[in-house]
Amino acid sequence: MDRERGSGRRVSLMRRFFDSEASGGILLMGVTVVALAIANSPLADAYFAILKTYVLGLSVLHWINDGLMAVFFLLVGLEIKREFLDGQLSTWPRRVLPGIAALGGMVVPALVYTAVTWSDPALRAGWAIPAATDIAFALGVLTLLGPRVPTSLKIFLTALAILDDLGAIVIIALFYTSGLALPMLGLAGLCLVALIVLNRFGTTSLLPYLAVGALLWFFVLQSGIHATLAGVALAMTIPLHPEPKKTRAEDSPLHRLEHTLQPWVAYGIIPVFGLANAGLSFAGLSLASLVAPLPLGVALGLLVGKQVGVYGSAWLAVRLGLADMPAGASRLQCYGVALLCGIGFTMSLFIDALAFGDRADLVDSAKIGVLAGSFLSALAGFLVLRFAPRAAPQLRAATSI
């Protein structure tokens, strides 16, 4: 006990993380409602026209999805690096349960989606849409439940979602990259080398990293690789260790940048992304369009695939003795968290735009599935956790779920 309870610094950092992510998730819920309301109001034409307006060679929507979201992915990269080197995922025993659950929670939704949409080859590119969990939204729902959910489950969900994000990054890099422009890719590589050199020479000022990182983003944007991956690459080069004259880990460049970005991302970038991408006109929406293969595949992937993949793989890992269940959590509470993992939203909408960016009709159709699957998963998870009995003291050390 350690680093989770015995260290005031660790608890403080984790609490700060929960607070910003959870409240940001609640804000994101409100922004989603606003976006849907605008898209179905007399302001709809102006709303969509603004998103299509070009500024400095890119549309406003493009700037949001490729520019602002690069900052989001920078923060995700920083969180992944910190958790793996100095946090909840720093040892293999801590990685096992969320790692297996995250893997199952990505594979099964993709299989469910593929099974539903297999007859239409045009839809196969969307297989990864239901594979990711929106940590801000999920923690926002947990916040509404207060102390009914043990901290161990919040940590488990956070670790799972971070590994989920890592998996989504790999998927984007491998499967959603267009034709490569080798000269630009070479310049991006030189920028990455420069960042590694800065790290190796012990540079602790953030300004050089951010300046080279901006160039890296531009070259990656022009290379055919999705520009947001530049944020992840930059994050991997930011030093985690504190400056030589300082002793606290909070003084490291990585912690300073992470703490600076967190409120901007939670209360600015993600809500702006949600406002720009959640807008969906319900005009002409019918029952047939709701149960069409694309929205049905996405919705079932999130609602059914996620809970089966996360809970089923976690159950198997515990039964095989590979991991222990989260302390103080009942089986039903674990199942409730698995349901919340079906809230895809931010990353699902992002991958939707990558998969079907040249087909507005398919993008909107997938949005229906994302919104439906995420809403139903959030509602089901909330109800299960709201009424689930807490683990009895004698069961808290149980090794099966």
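The shown structure was predicted, so the numbers you read here are calculated from the model rather than taken from an experiment.
The CG atom of Asp164 sits 12.0 Å away from atom OG1 of Thr158, with the distance rounded to the nearest 0.5 Å. The distance from atom CG of Leu74 to atom CG of Leu234, rounded to the nearest 0.5 Å, is 5.0 Å. To the nearest 0.5 angstrom, Leu229 atom CG is 7.5 Å from Ile169 atom CD1. Distance check: Leu303 CG to Lys306 NZ gives 12.5 Å after rounding to the nearest 0.5 Å. Here Leu339 contributes atom CG and Leu385 contributes atom CG; the two are 8.0 Å apart, rounded to the nearest 0.5 Å. Atoms CD1 and CG, from Ile155 and Leu160 in turn, are 13.5 Å apart once rounded to the nearest 0.5 Å.
In terms of heavy atoms, Met347 sits closest to Phe72 at CE-CE2, 4.1 Å. In plain terms, the two heavy atoms of Leu68 and Ile269 that are nearest each other are O-CG2, 3.5 Å. When all heavy atoms of Val318 and Asp324 are compared, the closest pair comes out as CG2-C, 4.2 Å. Of all non-hydrogen atoms in Cys334 and Pro326, the two that sit nearest each other are SG-CD, 4.2 Å. Considering all non-hydrogen atoms of both residues, Gly336 and Val384 come closest at CA-CG1, 3.7 Å. The minimum heavy-atom distance between Val141 and Ile343, with the atom names listed, is CG2-CD1, 4.1 Å.
Side-chain N or O atoms of Trp217 include none that pairs as donor or acceptor with a backbone N or O of Thr228 at under 3.5 Å. No donor-acceptor pair under 3.5 Å is formed between the side chain of Arg94 and the backbone N or O of Ala159. In this structure a side-chain-to-backbone donor-acceptor pair under 3.5 Å is missing from Arg82 to His255. Although no hydrogens or angles enter the test, the distance criterion places a donor-acceptor pair under 3.5 Å between the side chain of Ser252 and the main chain of Leu240.
The shortest distance between side-chain heavy atoms of Pro150 and Gln333 falls below 4.5 Å. The shortest distance between side-chain heavy atoms of Phe84 and Leu163 falls below 4.5 Å. Leu58 is not listed as a side-chain neighbour of Asp66, based on a closest heavy-atom distance of 4.5 Å or more. The shortest distance between side-chain heavy atoms of Phe387 and Leu332 does not fall below 4.5 Å. Annotation: side chain of Met325 is not in contact with side chain of Phe156 (no heavy-atom distance under 4.5 Å). Side-chain contact between Leu187 and Gln222 is absent, with no heavy atoms from C-beta onward closer than 4.5 Å. A heavy-atom distance below 4.5 Å is not found between the side chains of Val310 and Thr133. Phe175 places none of its side-chain heavy atoms less than 4.5 Å from the side chain of Val170.
Not counting sequence neighbours, the partners of His226 by the ring pair (Phe, Tyr, Trp, His ring centres under 6.0 Å) test are Phe350. For Asp165, the salt bridge (Lys or Arg N to Asp or Glu O under 4.0 Å) criterion is met by no residue, not counting sequence neighbours. The ring pair (Phe, Tyr, Trp, His ring centres under 6.0 Å) check on Phe375 picks up nothing, with sequence neighbours excluded. With sequence neighbours left out, the ring pair (Phe, Tyr, Trp, His ring centres under 6.0 Å) criterion links Phe218 to no other residue.
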Before giving the answer on side-chain contact (heavy atoms from CB on, under 4.5 Å), spell out for Leu254 and Asp86 the whole-Å C-alpha distance, their side-chain angles and the decisive distance to 0.1 Å. CA-CA 11 Å; Leu254 186 146; Asp86 191 38; over 6 Å; no

Audit row: Ile225, Ile172, side-chain contact (heavy atoms from CB on, under 4.5 Å) steps and yes/no: CA-CA 9 Å; Ile225 298 175; Ile172 292 170; over 6 Å; no

Verdict with supporting geometry, Leu139 and Leu157, side-chain contact (heavy atoms from CB on, under 4.5 Å): CA-CA 8 Å; Leu139 286 176; Leu157 176 60; 4.1 Å; yes

Starting from the C-alpha separation in whole Å, work towards a yes-or-no answer on side-chain contact (heavy atoms from CB on, under 4.5 Å) for Ser348 and Leu302. CA-CA 10 Å; Ser348 293; Leu302 289 170; 4.1 Å; yes

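Applying the side chain to side chain donor-acceptor pair (under 3.5 Å) definition to pairs two or more places apart or across chains, none involves residues 182-191. A side chain to side chain donor-acceptor pair (under 3.5 Å) check over residues 268-282, counting only residues at least two apart or in different chains, returns the pairs Asn65-Asn277. Sorted by first and then second residue, the side chain to side chain donor-acceptor pair (under 3.5 Å) pairs involving residues 361-384 (not counting sequence neighbours) are Arg359-Asp361. Each salt bridge (charged side-chain N to carboxylate O under 4.0 Å, His left out) pair with one or both residues in residues 221-236, not counting sequence neighbours, would appear here, but there are none. Pairs engaging residues 316-349 under the ring-ring contact (aromatic ring centres under 6.0 Å, His included) rule: Phe137-Phe345, Tyr311-Tyr335 [sequence neighbours left out].
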Which atom pairs, donor and acceptor, lie under 3.5 Å between side-chain atoms of residues 206-216 and protein residues at least two apart or in another chain?
from: Tyr209; atom 1: OH; to: Leu198; atom 2: O; distance (Å): 3.3
from: Tyr209; atom 1: OH; to: Asn199; atom 2: N; distance (Å): 3.3
from: Tyr209; atom 1: OH; to: Thr203; atom 2: O; distance (Å): 2.8

Output a table of donor-acceptor pairs, distance under 3.5 Å, between side-chain atoms of residues 27-54 and any protein atom two or more places apart or on a different chain; print 'none' if there are none.
from: Thr32; atom 1: OG1; to: Leu28; atom 2: O; distance (Å): 2.8
from: Asn40; atom 1: OD1; to: Phe282; atom 2: N; distance (Å): 2.5
from: Asn40; atom 1: ND2; to: Leu36; atom 2: O; distance (Å): 2.7
from: Asn40; atom 1: ND2; to: Leu280; atom 2: O; distance (Å): 2.9
from: Ser41; atom 1: OG; to: Ile38; atom 2: O; distance (Å): 2.8
from: Ser41; atom 1: OG; to: Leu43; atom 2: N; distance (Å): 3.1
from: Tyr47; atom 1: OH; to: Leu275; atom 2: O; distance (Å): 2.5
from: Tyr47; atom 1: OH; to: Ala276; atom 2: O; distance (Å): 3.4
from: Tyr47; atom 1: OH; to: Gly279; atom 2: N; distance (Å): 3.3
from: Thr53; atom 1: OG1; to: Ala49; atom 2: O; distance (Å): 2.8
from: Thr53; atom 1: OG1; to: Ile50; atom 2: O; distance (Å): 3.4

For residues 98-116, run the donor-acceptor check on the side chains, cut-off 3.5 Å, and write out each pair with its distance to 0.1 Å, sequence neighbours left out.
from: Tyr113; atom 1: OH; to: Leu123; atom 2: O; distance (Å): 2.5
from: Thr114; atom 1: OG1; to: Ala110; atom 2: O; distance (Å): 2.7

